[in-house]
Amino acid sequence: MADTPKPIHPIWLRLTHWLNALAVVILAMSGWLIYNASPFFGITFPVAITLGGWLGGAILWHFAAMWLLAASGLAYLLCNALSGRLRSRFLPLSFRAVLADLRAASRGRLTHDDPGRYNAVQRAAYLLVMVDAVLLILSGLVLWKSVQLPLLRELLGGYEAARRVHFIAMAVMVSFALIHVIMVALVPRSLLTMIRGR
Amino acid sequence: MKIKKVSRMISIDGDAVLNEALRSIKHPARRLFLERSLTLGSLSLLSGCAIVDEDSVEHALRRVSRFNDEVQAWLFDPKLLAPTYSEAMITRPFPFNAYYGEDEIRQVDAEGYRLEVTGMVADKHSWTLAELRDLPQTDQITRHICIEGWSAIGKWGGVNFADFLARVGADKTAKYIGFKCADDYYTSIDMPTALHPQTLLTLSYDGQPLPPRNGFPMKLRMPTKLGYKNPKHIQAIFVTNTYPGGYWEDQGYNWFGGS
């Protein structure tokens with residue numbers, strides 16, 4: 001056992017990754033149906049891609065999966081920060097490096113041969129989605145408990161503004177997830193890494 | 001040998017899972033809640049896991065909803081006030097919402113109206129509209145938040161509900177206050193919310209006697225709860241320790257419904 005190489009993704013990371021993914025899928029699909037009950041951006045979501053069947057069912061799913069995301073997301077962030085992985089994997093990060101890697105990627109020249117090392121675009125995307133998840137949870141808290149959380153409510157500009165923040169943060173999260181899945185399809189080994197650890 | 005056996009046991013039989021999913025779509029005896037709450041999307045989500053059947057999903061979701069009731073009761077601050085607004089910020093026209101359409105609004109006769117007050121109260125006499133209007137009145141301009149997501153600002157006037165409960169000698173250790181309405185709606189709330197300073201036995205809207213579309217002759221207004229917890233056309237109030245449920249709550253809406 002002693003000569004087993006250290007996994008690229010430790011077990012806590014793989015576990016919280018898949019739990020977060022499950023929570024995000026449930027929250028997005030049920031959230032779209034809740035949004036459909038009172039849309040504000042002139043669009044509605046096709047019912048076929050929603051979860052819950054009706055408003056009450058969608059809310060039951062949404063307000064159950066929120067605990068999964070809160071618990072698993074917090075575990076992810078804590079383990080990431082305390083283990084030093086957050087710093088070693090995601091920093092340093094510069095705007096210039098992101099631009100350079102984006103340019104390289106657009107020419108098909110971005111190397112992806114070491115799954116233990118994230119390029120600058122990956123670093124930026126993963127950090128963005130961490131911040132976005134926090135924003136989703138905070139704006140969701142305001143929608144759930146706008147009277148009981150006055151400070152958070154005012155920070156987000158009030159109840160109605162929080163609805164828009166929650167929606168836009170959802171759109172960022174879903175866009176990330178779509179690009180993420182496409183990238184995994186291009187580099188299938190990364191899927192195995194996230195399952196087996198190496 | 002042993003390891004091989006285990007790995008065969010946990011491998012998922014794709015055809016069996018698909019058949020199970022198709023069977024459950026076609027099955028005629030599915031319960032109402034499930035027909036409404038489990039779409040094809042959720043079936044495909046669950047079908048990777050044949051051990052999850054729909055009844056246990058419903059059961060689990062409802063248990064989480066009850067847990068959320070407790071979390072909300074714990075979060076509820078009996079002294080924290082909902083924001084109030086200026087007259088200029090009132091939403092006009094104020095949206096109508098009920099489990100029926102605007103053409104089915106119930107007309108309640110003011111003369112014959114009696115508010116029944118029963119259960120764990122000292123004074124069980126029925127109130128006429130005139131008697132209610134003779135009580136000290138107050139008003140508020142607050143935001144009404146609907147479970148559908150939209151919100152609207154309105155001005156409601158009436159009797160502080162905590163004062164009314166004190167007047168009828170309600171047992172404040174009781175768990176629930178239940179409401180029965182002329183439009184066959186019913187709901188119930190927790191005692192701390194009933195005693196909140198902004199909970200209003202509402203008799204007027206925007207300075208006028210409560211119009212039928214807003215719940216004539218009397219509704220309960222709580223800026224600390226979602227719209228469906230604010231019953232209109234109230235005919236009976238009862239104080240009880242027995243969980244009374246509610247029209248939407250019995251179908252799956254969260255009972256506490258706090259904001």
Can you tell me which residue among B:Tyr243, B:Trp255, B:Tyr176 is in a side-chain hydrogen bond (donor to acceptor under 3.5 Å, both in side chains) with B:Ser188?
B:Trp255

Counting only non-hydrogen atoms closer than 4.5 Å, does B:Arg63 touch chain A with its backbone (N, CA, C, O), its side chain (CB onward), both, or neither?
neither

With a cut-off of 6.0 Å (strictly less than), are more than 12 heavy atoms of other residues, nucleotides or ligands near NZ of B:Lys180?
no

With ring-ring contact (aromatic ring centres under 6.0 Å, His included) as the test, would you mind laying out the steps for A:His62 and A:Trp32 before giving the verdict?
CA-CA 10 Å; A:His62 206 75; A:Trp32 294 336; over 10 Å; no

If I measure from the heavy atoms of chain A, does B:Phe76 come under 4.5 Å with its side chain, its backbone, both, or neither?
both

Of the listed B:Ile145, B:Leu81, B:Leu226, the one with the largest count of heavy-atom pairs under 4.5 Å with chain A is B:Ile145

Check whether the side chains of A:Asn20 and A:Tyr76 place a donor and an acceptor atom closer than 3.5 Å, and report yes or no.
no

Please identify, among B:Ser65, B:Cys146, B:Gly258, the residue contributing the most non-hydrogen atom pairs under 4.5 Å to chain A.
B:Gly258

What do the steps show when you test A:Arg164 against A:Glu160 for salt bridge (charged side-chain N to carboxylate O under 4.0 Å, His left out), and what is the final call?
CA-CA 7 Å; A:Arg164 275 78 183 166; A:Glu160 283 293 337; 2.6 Å; yes

Candidate pair B:Asp190 and B:Lys225, rule salt bridge (charged side-chain N to carboxylate O under 4.0 Å, His left out), full reasoning
CA-CA 11 Å; B:Asp190 55 298; B:Lys225 283 208 192 287; 2.9 Å; yes

Part of residues 135-147 of chain A lying next to chain B, heavy-atom separation under 4.5 Å
A:Trp144, A:Lys145, A:Ser146, A:Val147

Option from B:Arg213, B:Arg221, B:Lys219 for which side-chain contact (heavy atoms from CB on, under 4.5 Å) with B:Lys232 holds
B:Lys219

Proximal component of A:Pro150, with respect to chain B [non-hydrogen, under 4.5 Å]
side chain

I'd like to know if the side chain of A:Thr16 reaches the main chain of A:Ala75, judged simply by a donor and an acceptor atom lying under 3.5 Å from each other, with no hydrogens or angles considered.
no

Checking heavy atoms, do the side chain of A:Tyr159, its backbone, both or neither come under 4.5 Å from chain B?
side chain

Apply salt bridge (charged side-chain N to carboxylate O under 4.0 Å, His left out) to B:Asp206 and B:Arg92, showing your working.
CA-CA 10 Å; B:Asp206 203 8; B:Arg92 298 177 198 279; 2.5 Å; yes

B:Asp77 versus chain A, the contacting section by heavy-atom distance below 4.5 Å:
both

